[in-house]
J.: 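Got a structure for you, written out below as structure tokens; questions coming shortly.
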Amino acid sequence: MKKIIFLTLFAALLAGCAVHRYHSEFAFANKLLQEGLWQEAIFRLEKARAAGNDSAALHNNLAVALEGLGRADEAEREYQAALKLAPANVQIRLNLDKLKKNQRKDADEKK
Amino acid sequence: MKKSKLALPALPVLLAVLAWSCADAYSPVTVPVLPGKAADFAAFQNVYFIDFVSDVSEAGVDAQAEIRRTFSEEVPFAIDRKVVLLEPEHWASIRGILQRYGLSADIEYANSLFFRNVFQAHARSLFFTGRIRVNVKKMGVVKETRDEKGDRRNAYETVQVWEMEARVFLIDGDAARIIMQETFSEKLEPGPGTTPQFNFNALFARLTAKLISALQPRKVLQERFLITR
């Protein structure tokens with residue numbers, strides 16, 4: 001019984017560390033985004049994604065960073081991916097709506 | 001019985017923790033958005049400059065040379081394209097007629113037969129043109145001076161004030177459509193001993209700086225939401 005408890009605790013500790021690592025990269029990326037360091041934030045978020053973490057928040061924040069660099073098409077794809085994971089999220093939809101509005105305006109100006 | 005007594009107070013706490021961990025947290029962040037340049041200059045075969053309609057000759061200044069120099073030497077740096085001076089036939093005499101009307105009416109470029117012919121003769125081109133007004137005013141000002149005894153005296157002086165207003169049009173010739181229309185204005189109180197040409201050049205340089213910044217892609221900040229949890 002003691003062994004089982006010990007192993008369970010050990011597994012929980014490992015899982016906790018993994019989650020913490022993801023959260024630290026993710027949280028750090030958010031700090032970078034607040035500072036407008038888009039390139040570095042993309043690097044951190046890609047790293048978090050490579051670690052196997054795929055969440056609506058990650059896609060949304062990555063899209064924001066891509067928008068910051070003017071990569072609107074890639075940003076749109078990331079917002080769409082975020083919406084697939086969290087279709088009811090109002091904030092992601094708002095972000096995507098604003099991006100699409102800008103794209104429409106650009107297209108109108110080019111006509 | 002004991003179990004239910006323990007579980008009852010713990011339940012709201014557990015629910016609160018669960019709600020907190022499940023809820024997303026948002027924070028706003030501003031992203032720079034480039035709404036695009038005034039025009040995609042690279043998409044056109046040529047960029048032309050057609051002389052401005054002006055009333056500057058009354059101020060005793062050769063405005064045309066300075067405006068031409070600005071558009072052929074300074075504007076190309078801003079748009080990364082060569083700007084070619086275009087002198088359509090009869091334009092000089094038309095400008096003279098327009099000048100007599102005090103520049104009060106805007107030219108309807110799309111409906112003007114003259115301009116339609118110019119645009120058709122130069123396909124896939126952009127055209128810079130516009131009008132410029134200069135008003136030299138004399139204003140009385142009171143200046144405080146001191147006499148030989150050191151007493152304060154008010155002296156009345158007349159100073160010149162130069163006012164300039166330029167309206168610049170950027171036209172897509174194929175569509176006969178104005179794609180940029182900006183009005184810039186500046187004032188200058190010239191120093192003593194400056195020539196009218198110097199005053200004009202100084203004022204026009206200020207307007208040029210404004211025009212060049214209007215031709216650059218402008219950064220607009222927009223709000224986006226980060227999901228922080």
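This is a predicted model, so every value here is computed, not measured.
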J.: What is the distance from atom CD1 of B:I227 to atom CG of A:N95, rounded to the nearest 0.5 Å?
T.: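 One gets 8.0 Å once the value is rounded to the nearest 0.5 Å.
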J.: About how many Å separate CG of A:L96 and CZ of B:R224, when rounded to the nearest 0.5 Å?
T.: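 Answer rounded to 0.5 Å: 9.5 Å.
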J.: Do you know which two heavy atoms are closest between B:P28 and A:Q34, and how far apart they sit?
T.: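 Closest heavy-atom pair between B:P28 and A:Q34: O-OE1, 3.6 Å.
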J.: To check you understand the geometry: which heavy-atom pair defines the closest contact between B:T30 and A:W38, and what is its length?
T.: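 That would be O-CH2, 3.4 Å.
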J.: How close do A:G68 and B:P32 get, heavy atom to heavy atom, and via which atoms?
T.: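 Shortest heavy-atom separation between A:G68 and B:P32 comes out as O-CG, 3.7 Å.
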J.: Under 4.5 Å heavy-atom distance to chain B, tell me which part of A:N102 shows up: side chain, backbone, both or neither.
T.: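 Side chain only.
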J.: Around atom CZ of B:R167, are there more than 12 heavy atoms of other residues, nucleotides or ligands at under 6.0 Å?
T.: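 Yes, because the 6.0 Å sphere around CZ of B:R167 holds more than 12 heavy atoms from other groups.
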J.: Would you name the heavy atoms of A:N61 and B:L226 that are closest together and state the gap between them?
T.: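 Closest approach of A:N61 to B:L226: OD1-CA, 3.5 Å.
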J.: Evaluate whether atom CZ of B:F114 has more than 12 neighbouring non-hydrogen atoms of other residues, nucleotides or ligands under 6.0 angstrom away.
T.: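 For B:F114, atom CZ is crowded (more than 12 foreign heavy atoms under 6.0 Å).
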J.: Side chain, backbone, both or neither: which part of A:L94 has a heavy atom under 4.5 Å from chain B?
T.: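 Side chain only.
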J.: Between B:Y26 and A:N60, do the side chains contain a donor N or O and an acceptor N or O under 3.5 Å apart?
T.: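 There is no such pair between these side chains.
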J.: Between A:I92 and chain B, with a heavy-atom cut-off of 4.5 Å, which part of the residue counts as in contact: side chain, backbone, both or neither?
T.: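 For A:I92, the side chain is the part near chain B, not the backbone.
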